[in-house]
Structures are given as structure tokens and as C-alpha cells.
Chemist: 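Below is a structure I'd like to ask you about.
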2 protein chains.
Amino acid sequence: MTTVTNAQLRFLDAAVDEFAEQGYGGATTRDIAARAHRSAAALYVHYPTKEDLLFAVCERAHEQALECLQAAYDSRTDPEDRLREMVSHFSVWHMDHVRSARVSQYELRALSPNHRAQILSHRREFHRVMRSALQAGVRVGVFDVDDVHRTAHSLLALGVDVVRWFDPDLESDVAGIARHNADLAVRMVRSIPREHEEPAL
Amino acid sequence: MTTVTNAQLRFLDAAVDEFAEQGYGGATTRDIAARAHRSAAALYVHYPTKEDLLFAVCERAHEQALECLQAAYDSRTDPEDRLREMVSHFSVWHMDHVRSARVSQYELRALSPNHRAQILSHRREFHRVMRSALQAGVRVGVFDVDDVHRTAHSLLALGVDVVRWFDPDLESDVAGIARHNADLAVRMVRSIPREHEEPAL
DNA sequence: GTCTATATGTTGATAGAC
DNA sequence: GTCTATCAACATATAGAC
């Protein structure tokens with residue numbers, strides 16, 4: 001896990017707000033420094049370029065979100081329970097961290113190829129965990145999924161999409177949204193016992 | 001519907017590419033003009049500010065996407081068929097117009113309050129059409145939905161989310177993705193006939 | 001690790017000729 | 001409707017003092 005000093009953290013939090021409000025291209029290092037109550041020159045001591053700052057923001061968000069998803073995975077063994085827990089917690093995390101999550105999702109194009117590759121490698125981890133949860137349910141027959149790869153993607157998207165529209169100032173029913181997404185997730189994957197037929201051995 | 005001259009269209013298409021690649025804040029009117037093989041001064045004859053250009057891009061995309069959704073709605077009457085058609089065509093539209101769709105989704109914060117309000121009003125139309133398709137299915141009992149409002153939102157999100165990751169250079173199975181989303185949509189809303197029980201009158 | 005001051009280039013937008 | 005030339009403001013990033 002990446003460690004950050006207190007001084008870095010101050011700029012990191014300021015950068016999240018500025019990038020979220022102005023977009024990466026519209027954000028200025030002056031304004032980020034001002035939000036952190038520092039001069040622009042002080043910022044450059046900790047992050048040599050504006051792009052390095054964006055990378056730090058994206059990396060922290062991806063590490064935290066993965067930790068959240070993995071913890072939910074580990075907390076249950078029953079496939080349906082586990083899926084609900086994963087989608088629900090993942091959604092809540094995105095609502096609790098809308099600004100940094102939004103930056104990490106929408107400003108990736110501004111990263112250098114090397115930095116972008118590192119973030120995409122984090123994303124493959126997300127996908128791996130979700131696929132594993134999916135396959136466990138398929139194995140015991142409670143899930144019935146045509147395309148595991150695409151479905152894992154869509155299950156993660158339920159949580160990620162929240163950052164596109166969620167506004168903590170307008171909408172506060174975080175738990176209700178999380179439950180809605182968990183309900184949809186289960187409907188998306190559950191196997192339907194057919195009528196007039198015994199379950200296969 | 002908004003009409004555009006040929007000269008405007010030239011700048012509009014250039015703006016889509018530039019905004020999509022650089023983000024609104026990172027895009028420059030010079031580069032947009034260069035993409036259109038015109039000088040920056042020529043651009044300002046047609047669009048008085050960079051923000052007006054962004055608005056024109058967003059408005060065109062929203063009008064086209066709504067037209068696509070409405071056409072799919074009108075093409076069928078069976079609720080499940082219709083839902084499949086809507087989600088599938090809506091997804092295809094977003095893949096066929098990834099760049100302008102992405103700009104319209106991710107750069108809204110740069111619009112003036114007045115312009116943003118106009119775009120959000122388009123969005124309420126999307127939602128209204130999808131809700132109507134949903135309620136028709138609930139009425140005849142083929143759909144079973146807890147929260148019509150949130151579910152309509154999630155069904156639209158299936159198509160919209162595509163612009164977050166779809167890359168026509170890497171992924172070309174547009175029809176497969178559309179079908180996957182349509183399958184998920186049906187699973188998200190269909191009512192499950194219970195075993196050992198007659199359907200309610 | 002922070003500051004003030006500044007170098008160097010770029011930006012949105014305009015003036016005025018054709 | 002397009003151009004070249006330009007303005008005034010602002011951008012990222014650095015130099016050097018404390």
C-alpha cells in the first residue's frame with residue numbers, strides 16, 4: 001500500500017476537490033495549492049507535476065475501493081449473501097467518496113501511459129475478485145450466468161455508475177441506493193428453478 | 001430539433017474529438033479550429049464562447065440518443081420485446097457515438113447553469129420513456145419491480161455506462177455487448193412465477 | 001518545507017482586412 | 001465567413017531566500 005506524509009495528504013485532498021469541480025484540464029495548481037492553504041511552489045516540492053498529483057489521487061482511490069471490495073468478499077461465504085455484500089459496500093464506498101471516485105473514473109485519459117497502465121492493473125484486480133465471487137455461485141448452482149466476464153463487469157458497474165449522478169447535497173439515501181443495487185445484482189445472476197422439473201444432479 | 005449549418009457542423013465534429021481526448025478544460029479553441037481546418041477566429045463567428053460549443057455538442061448528443069430510445073419504444077408493444085429493443089439500441093447508440101456521448105456525460109459540470117438545466121431537462125425525457133416501458137410491463141404482470149424510478153434509472157445506466165470503458169479500437173463486438181445488456185435488463189425486471197402456486201387473478 | 005518573485009509559454013477572445 | 005495579428009490574462013514550473 002502506498003504511504004503518504006501529512007503534507008502530501010493536505011495537497012491530495014485539495015486536489016480531489018479541485019479536479020472534481022474543474023476537471024483535470026480545468027484545474028490549476030495555483031487553486032489546488034490555495035485550497036490546501038499553501039503556495040503553488042510548495043505543491044511542487046511534493047508532486048513534481050500536476051499529472052503526478054492526479055496519479056496519486058487515482059491510486060489512493062483505487063487502493064481504497066479494492067480494499068472495500070475484498071473485505072466484503074472475505075466477510076461472507078454464501079454466494080448470494082456475498083454478492084449482496086460486495087455490490088452494496090462497493091456502492092456505498094462510491095457514494096462516500098464520490099469526488100475522488102469520479103476523478104479516478106473520468107480523468108484517466110490525462111494520465112501518462114505508464115501511470116494509466118498501473119491504474120488499469122488495479123482494475124483487473126477488481127474484476128478478478130468479482131469473477132471469483134460469481135464463479136463460486138455458478139459452481140453450486142445458485143447463479144446462472146451466460147458470460148462470466150461481462151457479467152462481472154456489469155456488477156462492478158452498478159457501483160461505479162453511482163459516481164456519474166450521485167450528489168450528496170441532493171440525495172442522502174445511501175443505504176437505499178446500495179440495497180437497490182444489491183437487489184439488481186442478485187436478479188442479474190440468480191438461477192431460476194424451472195417449473196415441473198427437478199433440479200439437475 | 002436544433003438545426004446546424006454546414007460550417008457549424010464542421011466545428012461541432014472537431015469539438016467532439018478535442019473534448020473527448022483532452023476534456024473540456026484541457027481542450028483549446030485553437031486545436032478545435034485546427035481539427036476543423038479553420039482559424040480560431042473563424043470558430044468564434046459560429047460559437048461565441050467555448051462553453052457554447054460544449055453546449056451544442058451535448059445538446060446534439062442528447063437529442064439523438066432520445067430519438068433512438070423513443071424509436072425503439074415505438075417499434076414494439078410486447079413489454080419484454082420492447083425493453084430488449086430499447087436497452088439494446090440505446091447501448092448500440094452509445095457505442096456508435098462514444099466520443100460525443102462521453103463528452104455529454106462527463107463534461108456537464110462545465111456548462112453554465114442555464115445550459116446545464118436544458119440538458120437535465122432532456123434527461124428527464126429519457127427517464128420518462130423508460131419508466132413508461134417499465135410500467136406497461138408491470139401492469140400486465142410480466143415485470144415485477146420494487147422501485148420503478150430507480151429501476152428505470154438503472155436500465156438507462158446499462159447503456160450509458162458503456163461510454164466509460166468502450167473503445168472501438170480494442171473492442172468491436174457491439175452486437176454482443178448490446179445483447180448482454182438486453183439480457184441483463186430482462187433479468188432485472190422480469191417477474192418470477194412462483195412454484196406450487198397459481199398466478200394471481 | 002515554505003515562501004515571494006518570476007521565467008516562459010499558452011489561453012480565450014477580439015480587431016480589422018479581404 | 002475566413003484570415004493574420006494581437007491583447008490581456010493565466011498556465012505550469014523554477015530560482016533562490018528563509
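Here the structure is a predicted model, which is why all the values come from computation and not from measurement. Here is how names work: the chains are called A, B, and so on, in the same order as the sequence lines, proteins then strands, and each is numbered from 1.
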Chemist: Looking at dT2(C), dG12(C), dT14(D), which one has an atom nearest to any side-chain atom of Lys50(B)?
Modeler: dG12(C)
Chemist: Nearest to the side chain of Phe11(A), which nucleotide is it out of dT2(C), dT6(D), dT4(D)?
Modeler: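 Shortest atom-to-atom distance from the side chain points to dT2(C).
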Chemist: Which one, dG12(C), dT2(D), dG1(C), comes nearest to the side chain of Val45(B)?
Modeler: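 Output: dT2(D).
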Chemist: Please tell me if Ser39(B) has a side-chain N or O lying less than 4.0 Å from either OP1 or OP2 of dT2(D).
Modeler: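 No, outside the criterion.
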Chemist: Is Arg190(A) close enough and on-axis enough to Phe143(A), meaning under 6.0 Å and within 45°, for cation-pi?
Modeler: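 Verdict for Phe143(A): no cation-pi partner in Arg190(A).
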Chemist: Calculate the interatomic distance between Tyr44(B) atom OH and dC3(D) atom C1'; express it in whole Å.
Modeler: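 Going from Tyr44(B) (OH) to dC3(D) (C1'), I get 16 Å.
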Chemist: Select one nucleotide: of dT14(D), dC3(C), dA11(D), the one nearest the side-chain heavy atoms of Thr28(A).
Modeler: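 For Thr28(A), the side-chain atoms sit closest to dA11(D).
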Chemist: Among dA13(D), dT4(D), dA13(C), which is the nearest nucleotide to the side chain of Thr49(A)?
Modeler: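 Of the options given, the side chain of Thr49(A) lies nearest dA13(D).
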Chemist: The side chain of His46(B) lies closest to which of these nucleotides: dG12(C), dG1(D), dT2(C)?
Modeler: dG1(D)
Chemist: dC3(D), dT4(C), dT2(C): which one has an atom nearest the side-chain heavy atoms of Arg38(B)?
Modeler: dC3(D)
Chemist: What is the distance, rounded to the nearest whole Å, between atom CD of Gln22(B) and atom C1' of dT10(C)?
Modeler: 14 Å
Chemist: Rounded to whole angstroms, how far apart are CG on Leu43(B) and P on dT2(D)?
Modeler: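 Whole-Å distance recorded here is 10 Å.
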